[in-house]
**Student:** 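Dumping the structure here so I can ask a few things about it.
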Amino acid sequence: MRLFLLTFGAFSSVFASMDVQLADTDFLERAINFIIFVAILWFLVAKKAKAFFNTRRDKIAERLLEVQEKLKQAKKNKEQALRKLEEAKEVAAEIIANAKREAYMIAQKMEEQSSIDIENMIKNTENLMEIEQKKMEKEVVSEILEEVFKESKINAAEYVKILEKKVV
């Protein structure tokens, strides 16, 4: 209604500023016809227009609520995903720490086992060397005794005495 009054006032000021006599024009009849037309149009269309705009407003509000719900759900999903990501990072860090600890423990065990194996090999080698040395000593002694028995005519009691002197 205000728009109508503003429009009517604007047109009337335009026509009022002219040098034309109002009696020479049919402005008044046209203005009355326009007012009647607008009133009839308002009477016929006002309820439908109000209903249309109210339903449109309600639909827009409904869509806005849906969008806000979707936005809340998206934020909730994002927070949940971020929490899961943090949990996954913690689990990954824990797995890495466990793997490092296990690798260190395995390396220590292998190092200990290797040193034990090396010590055993050294002992075995020393034992084998002692056994071989004793074999060689026995062979040398037996060869010497055989040569001595073949070459000389000394009896066994004298040999035992000589050996006892050499060994001790």
**Student:** Could you grab the distance from atom CG of Leu64 to atom CD of Gln68, nearest 0.5 Å is fine?
**Tutor:** 4.0 Å

**Student:** Return each pair, listed once, that meets side chain to side chain donor-acceptor pair (under 3.5 Å) where at least one residue sits in residues 72-93; pairs must be two or more places apart or across chains.
**Tutor:** Gln73-Asn77

**Student:** Say whether Val67 and Leu65 are linked into one hydrophobic cluster, either directly or through other cluster members, by side-chain heavy-atom distances under 4.5 angstrom.
**Tutor:** no

**Student:** Restricting to side-chain contact (heavy atoms from CB on, under 4.5 Å), what partner residues turn up for Ile32, sequence neighbours left out?
**Tutor:** Leu28, Ile36

**Student:** What residues join Ile106 in its hydrophobic cluster, counting side-chain heavy atom gaps under 4.5 Å, either direct or through other members?
**Tutor:** Met110

**Student:** First locate atom CD of Glu62, then atom OG1 of Thr55, and finally report the distance between them rounded to the nearest 0.5 Å.
**Tutor:** 11.0 Å

**Student:** Going by atom types only, do Asn33 and Arg30 share a side-chain donor-acceptor pair under 3.5 Å?
**Tutor:** no

**Student:** Measuring from Arg63:CZ to Lys70:NZ, what's the distance to the nearest 0.5 Å?
**Tutor:** 11.0 Å

**Student:** When rounded to the nearest 0.5 angstrom, what distance separates OG1 in Thr125 from NZ in Lys123?
**Tutor:** 12.0 Å

**Student:** Are Ile118 and Ile116 connected, step by step, through hydrophobic side chains (Ile, Leu, Val, Met, Phe, Trp, Tyr) whose heavy atoms are closer than 4.5 Å?
**Tutor:** no

**Student:** Do Phe37 and Val45 share a hydrophobic cluster, counting only Ile, Leu, Val, Met, Phe, Trp and Tyr and linking them when any side-chain heavy atoms are less than 4.5 Å apart?
**Tutor:** yes

**Student:** Hey, what do you get for CZ (Arg101) to CE (Met105), rounding to the nearest 0.5 Å?
**Tutor:** 9.0 Å

**Student:** Output the distance between atom CE (Met136) and atom NZ (Lys138), rounded to the nearest 0.5 Å.
**Tutor:** 14.0 Å

**Student:** State, yes or no, whether a side-chain contact exists between Arg57 and Ile60 at a heavy-atom distance under 4.5 Å.
**Tutor:** no

